[in-house]
Amino acid sequence: MDPHSFRRSCAKFSTGVAIATVLDAEREPHGMTVNSFTSVSLDPPLVLICVDRTGNMLERFEECAHYGVNVLRNSQAALSVRFAQRGHDRFDGIEWHRGVTGVPLFPESLARFECTVRQRVIAGDHTILIGQVVQCEVGEGDPLVYFDSNYRRLAP
Ligand SMILES: Cc1cc2nc3c(=O)[nH]c(=O)nc-3n(C[C@H](O)[C@H](O)[C@H](O)COP(=O)(O)O)c2cc1C
């Protein structure tokens, strides 16, 4: 199995883009761009995200009781880039508020989920975080799409 071919093949599966968020023990916000967000179950309402075990954010997601998922709209590509890059305060100058569980939520996002962590599954170089949705909200607009390693918009 050629790893390059695996990456390129996976990139042909178009996804939305979301920012997964957590609070640390000092209640400071952290977040990262994810496209691994998937709905898993309707009853109970379960979703998952996959977190890279080699990244700095793993520690945050290993400790948290709750996490948030902010689904991005098509005007939020810059936010996606910002939350995928290191070397700066990702929340600096960003409008956000705490949800009922405390997790950071972005008011402009297309949909917002607050989850209680139910299971952590180590799968290769990622950890799958299965969360039970305790609160969700939906906004208006079109999604930011990720396809072939590029941001796209839905065709009109
Ligand atoms: C569109 C897009 C989708 C991404 N999806 C994921 C993902 O599902 N899981 C993940 O661990 N990293 C994903 N990343 C990479 C992380 O956002 C990035 O490595 C992380 O924010 C780096 O922070 P850290 O090294 O401080 O952990 C994605 C990046 C982009 C641009």
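When a ligand or atom number is given, it counts from 1 through the structure's own listing order. The figures that follow rest on heavy atoms only: side chains count, while hydrogens, waters and symmetry mates do not.
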Check: R82 side chain, R90 main-chain N or O, donor-acceptor pair, under 3.5 Å = yes
The closest protein heavy-atom partner of atom 12 (N) of ligand 1 is M32 CE, 3.3 Å
Is the CZ atom of R120 crowded by more than 12 outside heavy atoms at less than 6.0 Å?
-> yes
For atom 5 (N) of ligand 1, closest protein heavy-atom neighbour = N35 N, 3.0 Å
Would you call K12 and D148 a salt bridge, using N to O less than 4.0 angstrom?
-> yes
Region of Q85 engaging ligand 1 - heavy atom pairs below 4.0 Å | neither
Below 4.0 angstrom from a heavy atom of D52, which ligand 1 atoms are there? Numbered from 1 as shown, please.
-> 10 (C), 11 (O)
What part of F83, side chain from CB on, backbone N/CA/C/O, both or neither, has a heavy atom under 4.0 Å from ligand 1?
-> backbone
Tell me whether the centres of the aromatic rings in F91 and F83 are closer together than 6.0 Å.
-> yes
Salt-bridge contact E62-R53 (side-chain N to carboxylate O under 4.0 Å) = yes
Among all protein heavy atoms, pick the one closest to atom 18 (C) of ligand 1 and tell me residue, atom and distance.
-> A84 O, 3.8 Å
Taking heavy atoms and a distance under 4.0 Å, where does Y151 meet ligand 1: side chain, backbone, both or neither?
-> side chain
Protein heavy-atom partner closest to atom 13 (C) of ligand 1 - residue, atom, separation in Å = T33 O, 3.3 Å
Partners meeting side chain to side chain donor-acceptor pair (under 3.5 Å) with T116 (sequence neighbours left out) | H66
Subset of ligand 1 atoms that lie under 4.0 Å from at least one heavy atom of Y146 = 1 (C)
Please could you name the atoms of ligand 1 that R86 approaches to less than 4.0 Å, counting only its heavy atoms?
-> 24 (P), 25 (O), 26 (O)
protein heavy-atom neighbour closest to atom 9 (N) of ligand 1 works out as C50 O, 2.8 Å
List for me each residue that meets side chain to side chain contact (heavy atoms under 4.5 Å, CB included) alongside H30, sequence neighbours excluded, and say none if there are none.
-> V22, D24, E28, M57, R60
Atoms of ligand 1 close to V51 [distance to a heavy atom under 4.0 angstrom, numbered from 1] = 11 (O)
Residue and atom name of the nearest protein heavy atom (relative to atom 8 (O) of ligand 1), distance in Å to one decimal = S36 OG, 2.6 Å
Which atoms of ligand 1 are found less than 4.0 Å from any heavy atom of R90?
-> 20 (C), 21 (O), 22 (C), 23 (O), 26 (O)
